[in-house]
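Written below as structure tokens is the structure these notes are about.
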Amino acid sequence: MALERLFRRRRAQGEARDIPELWAKCPKCDAQIYKKDLEHNLYVCPKCSHHLRMPASKRIEMLADPGSFEETTRLRPTDPLGFVDTEPYPKRLERYQREAGRPDAIVGGRCTIGGVPSILLVMDYAFAGGSMGSVVGEEITRGIEQAAQEERAVVIVAVSGGARMQEAALSLMQMAKTTLALDRLWARRLPYVSILTDPTTGGVTASFAALADVIFAEPGALIGFAGPRVIKQTIRQELPEGFQRAEFLLKHGMVDQVVDRRRLKAQVAQVLGLLHPARVRL
Amino acid sequence: MALERLFRRRRAQGEARDIPELWAKCPKCDAQIYKKDLEHNLYVCPKCSHHLRMPASKRIEMLADPGSFEETTRLRPTDPLGFVDTEPYPKRLERYQREAGRPDAIVGGRCTIGGVPSILLVMDYAFAGGSMGSVVGEEITRGIEQAAQEERAVVIVAVSGGARMQEAALSLMQMAKTTLALDRLWARRLPYVSILTDPTTGGVTASFAALADVIFAEPGALIGFAGPRVIKQTIRQELPEGFQRAEFLLKHGMVDQVVDRRRLKAQVAQVLGLLHPARVRL
Amino acid sequence: MPLEFEKPIEELESKIAELEGFAASSGVDLSDEIRGLRERLARLKSETFANLSRWERVQIARAPGRPTTLDVIAQLMTDFVELSGDRTFGEDAAVVGGLARFEGSTVVVVGHQKGRDTKENIRRNFAMPHPEGYRKAMRLMDMADRFGRPFIAFIDTPGAYPGISAEERGQAWVIAQSIQRMARLRVPAVAVVLGEGGSGGALAIGVGNRVLIMENAWYSVISPESCAAILWRDAREAAKAAEALKLTAPDLLALGVVDRVIPEPDGGAHRNPQAALANLKQALSETLAELGALSPEALLEDRYRRFRGLGQFLEG
Amino acid sequence: MPLEFEKPIEELESKIAELEGFAASSGVDLSDEIRGLRERLARLKSETFANLSRWERVQIARAPGRPTTLDVIAQLMTDFVELSGDRTFGEDAAVVGGLARFEGSTVVVVGHQKGRDTKENIRRNFAMPHPEGYRKAMRLMDMADRFGRPFIAFIDTPGAYPGISAEERGQAWVIAQSIQRMARLRVPAVAVVLGEGGSGGALAIGVGNRVLIMENAWYSVISPESCAAILWRDAREAAKAAEALKLTAPDLLALGVVDRVIPEPDGGAHRNPQAALANLKQALSETLAELGALSPEALLEDRYRRFRGLGQFLEG
Ligand SMILES: [Zn+2]
Ligand SMILES: [Zn+2]
């Protein structure tokens, strides 16, 4: 999460600036918001309703019924290719792990959502921009398989810059692996809800995130396959206003609803209640 | 078929004009074509390759292997609604039957095509503009069911102004009936090739004609759902050049190939040979 | 604004109301006179509504205030979650649908959606879908199958949109595909003609195991106006065309095109939506209970037989 | 035009040809010298080609004259009937496919299609598909299932088209759908990386029971140029990126991403397409024979297991 990273870095640099830690600035309307208020408002600007990026742990707090969450993600990344660019991949991983406070870009586990037994998987932008390598792919796959075994619904909160370059073809294969896993839900008629948040692009959008029974997107979230920079290079023109934003995706038929974060839990719970086998009849 | 109807009417009026009967005029390039030549050229203008309308009986000659065709269509229309507009439907039917020389707008039966056992169904524009009422729907349905029973491929040559108004809701239901029948081919993996000719619109396009495994269209054929006149009324503008023509449909992804009529038989035979269960292995 | 044939009734109703007001404010006892007028009104209504011409019924089917798909969902169902988009090209507001509960059980619903005012009608393209609307419907059919839930379709369209954009994106193809997709549903499928059932655009979501129709709805291969324009070369002959097309609920029941007519209150559903919807609820409930007993294979075969039998002809 | 590292070879070859011409026209016996030069040439070739860098292989994968999907179909198959369109929006020339016979049996084939000259490349958008191209591929997958015929996909794309039109029509969605559709095939599915295997745009038709790769093809999550632009902030560092990405056939075999490497003649398939295609034919033939023994259920499970196992991580 951008804000958190910002604060953490400042602490790391040893700067003792109290004021900036208590206040945040809305990137859209420039309003100064008391940080506690922002958090209470689910990281939605109280002035303009701009949806700021939300930490993965807060996502779980928001979506899982209180006290129901039991983490199951636990894999750690490795360096299958011996990838070195300007620095070795293992060095990068260490830094990401330090910054995000978790082994890779995903956290998830069992919980109930509106009383419906679920697997909740949340990607973490704070770790390498939520990029998908082997760990993310495997955790998503295990979560889905687990849901199929335990008759749970699946809810995935996507946030990702795409597949992780440092695992190259293996990252690419996670798109197939996670997609194939989803078919395990079919036979048991277990629902899967995908929540697309800012930003969701590349191989994550083009695999499990796009294949949910119901897809919600957060207002203003950037969602697409190719990133805006790549597209700009391709067409050598400015992109139209609102291009690849959640509302654009809704208009183009790709998502079911653009949902204000403050209504998201209720909306997800309602869908799960309507579709989970144990709840289709009341 | 427009030409034939023209000649028949002239004969009916008792005019003894030999020259016009021997010659036809290409509606596209205005070339005078000796009628026998036109027929030998499958009603394609030798000058400009314009595809003139082709009589249903000639379609069968062209597509069925010589001597293989055995007609099975035999139903006659009735007047389920007691429909009267400017004249009673039964009166219209009599005239259509006289003009087309058949009980309704379809003829078909068993044959082989390139050696593949098939059911060939050909709509007849000479009968009420190839409109689909109960008889057309039932004959198509029976043909498809028969193909499923006898392990035959299905080939349908469509030409139609749409569903027949004088049978109202019953005509509409033929769209559902014929569509449902097609599923009977599935279990036996029998192929269905649709040939769209000028014009194919309305309820025929929007049912069995659009649902073939492989769809061929003849060059320049008008193909669509709404007729051009209706669309012009809706948008109150001229329609773009080439709109709803076969080539337009190809560009928009709706047909597999635009095939010159002189290559059509070979092309159909090749597809049937590739897909008929008795021929998938050579 | 009352329909043409409703005017005498509305006038008499307002006269009675005036007299009642006068009686109340003046203290003059007019109860006998008012009772007499009420009887007269009842007679006038039953005469008018018992003898509605087909063309008058078409006007009722289009009357403002007649319940739309979203009204039906709001009144008869709970927990509605609207789903959008075709995952391919666009979101079409002429077709609405989603998940909801009907009598406590989850169902998948879809329907053509008319606007309740001009602005909404423009946004919803007067309930004339583009291909993406039908693809949305197909996606919802997939969902019904995926979760084994009944599929309910509400038909209320003058027809599929006849325009360049729709033709470019394969209007004929998508209607055919939607018919086929619905035929393949392995769950109970019920179609209800709510108001207008215009041609292939209606049939695309009309392949139910049972097809119900509101008493004053119409369903046919073409609208009366278009039919008149072609056959009489004059759209103003729509009343004649409506008669010829036999497009009313009783006609269609006789032809076997629909399975059940849902009664509307006197004067049509727009005069008393609650009563009309109560009847619809009962019909839906009974139909779903009946179909709920059938296996997926039986449902497929039932749907095949239902449509297989439609059409009239002579053996040659 | 020779690739950079091919130049010394091409020069030596032309020198030998000159000498041979001189010997033939002049009658001077140069056979010993020529034999010596030929040996030198063979050594030069094997040294060059045995030690190709990853970046050099990428260049071979893109070499003009390298067999494209349509070349493979024309050379290895008969009775090809090309099928077009997605029945939804458009025909995409960046993807070709249809029905054909391979060794006498009907198969369904699809592939990315590069142009053989600039004009064709523009028409085919340099083999960068729009969503309609992937929907065409999915339609062909439906057909393979419908008729129980093997499905063969040839991968040769720099990537799915990254443009406004593609994003508007759901590039991410269609790639995900295509992956899912291919995974669900109840028939043998083989993917062959012919030349370039660029990211999701390649994987969309890459979910085979077996994934084969030509010796000098590349397949990865990103092109070396784009990777270099992001990580080194300089697209000219593509050679370094190619090394880091381990995107060559031998690398991918070691990672389990591909199942078999199809040998190419010295210098790459573009220098001797016939030889390369003969090897491809044999590999395809053996692979189809192997998969032909499996039931639809076994094929589904086989595909699941194949992709389920990919990825490397530590248990926490
Ligand atoms: Zn703000
Ligand atoms: Zn001509």
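Note: hydrogens, waters and symmetry copies are ignored here, and every other heavy atom, side chains too, is used. Lettering of chains follows the sequences in order, A, B, ..., and the numbering in each one begins at 1.
Panel note: side chain B:Ser134, backbone C:Gln312; a donor-acceptor pair is recorded below 3.5 Å. Panel note: side chain B:Thr234, backbone C:Pro162; a donor-acceptor pair is recorded below 3.5 Å. A donor-acceptor pair under 3.5 Å is formed between the side chain of B:Gln174 and the backbone N or O of C:Leu310.
Close approach to chain B, defined as a heavy atom under 4.5 Å from one of its heavy atoms, is seen in C:Glu167, C:Glu168, C:Arg169, C:Gly170, C:Gln171, C:Ala172, C:Trp173, C:Ile175, C:Ala176, C:Gln177 of residues 165-178 of chain C, taken by number. Residues of residues 193-205 of chain B lying under 4.5 angstrom from chain C, judged on non-hydrogen atoms, are B:Leu196, B:Thr205 in numerical order.
Atom CZ of C:Arg260 has more than 12 neighbouring heavy atoms from other residues, nucleotides or ligands inside a 6.0 Å radius.
When heavy atoms are compared at a cutoff of 4.5 Å, B:Gln237 does not approach chain C at all. Neither the backbone nor the side chain of C:Leu300 has a heavy atom closer than 4.5 Å to any heavy atom of chain B. Of the two parts of B:Glu145, only the side chain, counted from C-beta on, holds a non-hydrogen atom closer than 4.5 Å to a non-hydrogen atom of chain C. Proximity to chain B involves both the backbone and the side chain of C:Ile164, based on heavy atoms less than 4.5 angstrom apart. Proximity to chain C is absent for every atom of B:Arg229, based on heavy atoms less than 4.5 angstrom apart.
Taking C:Ser220, C:Ala204, C:Ala160 one by one and counting their heavy-atom pairs under 4.5 Å with chain B, the maximum is reached by C:Ser220. By number of non-hydrogen pairs under 4.5 angstrom with chain C, the leading residue of B:Val135, B:Thr78, B:Thr178, B:Asp85 is B:Asp85. Comparing B:Asp104, B:Asp79, B:Ile215, B:Thr141 by heavy-atom pairs within less than 4.5 Å of chain C, the highest count is held by B:Thr141. In terms of non-hydrogen atom pairs under 4.5 Å with chain B, the most contact-rich of C:Trp232, C:Tyr161, C:Tyr219, C:Phe313 is C:Phe313. Highest contact tally toward chain C, considering only B:Leu249, B:Leu182, B:Ile231, B:Ile235, is held by B:Ile231 [criterion: heavy-atom pairs under 4.5 Å]. Most heavy-atom pairs under 4.5 Å with chain C: of the set B:Val84, B:Ile223, B:Leu239, B:Asp183, this distinction falls to B:Asp183.
The side-chain heavy atoms of C:Asp251 and B:Leu81, taken from C-beta on, include no pair separated by under 4.5 Å. Inter-residue side-chain proximity for C:Leu231 and B:Thr86 is flagged as unmet; no heavy-atom pair is nearer than 4.5 Å. Two residues are said to be in side-chain contact when any heavy atoms from C-beta on lie closer than 4.5 Å; B:Val230 and C:Ser226 fail this criterion.
Closest heavy-atom contact between B:Ala176 and C:Ile179: CA-CG2, 4.0 Å. Shortest non-hydrogen contact noted between B:Leu172 and C:Leu203 is O-CD2, 3.4 Å. Residues B:Arg76 and C:Glu315 come closest through the heavy atom pair NH2-O, 3.6 Å. The two residues C:Gly200 and B:Phe225 come nearest to each other via the heavy atoms CA-CZ, 4.4 Å. The heavy-atom pair separating C:Leu245 from B:Met165 by the smallest distance is CD2-O, 3.8 Å. When all heavy atoms are compared, the tightest approach of C:Val221 to B:Ala163 is CG2-CB, 3.3 Å.
Between the CZ atom in C:Arg305 and the CG atom in B:Leu180 there is a gap of 12.5 Å [rounded to 0.5 Å]. Taken to the nearest 0.5 Å, the OG1 atom of B:Thr179 stands 14.0 Å off from the CZ atom of C:Arg181. Taking CZ of C:Phe307 as the start and CE of B:Met175 as the end, the distance is 11.5 Å to the nearest 0.5 Å. Atom CH2 of B:Trp186 sits about 5.5 Å away from atom CZ of C:Arg184, to the nearest 0.5 Å. Atom CE of B:Met173 is separated from atom CG of C:Leu252 by 8.0 Å, given to the nearest 0.5 angstrom.
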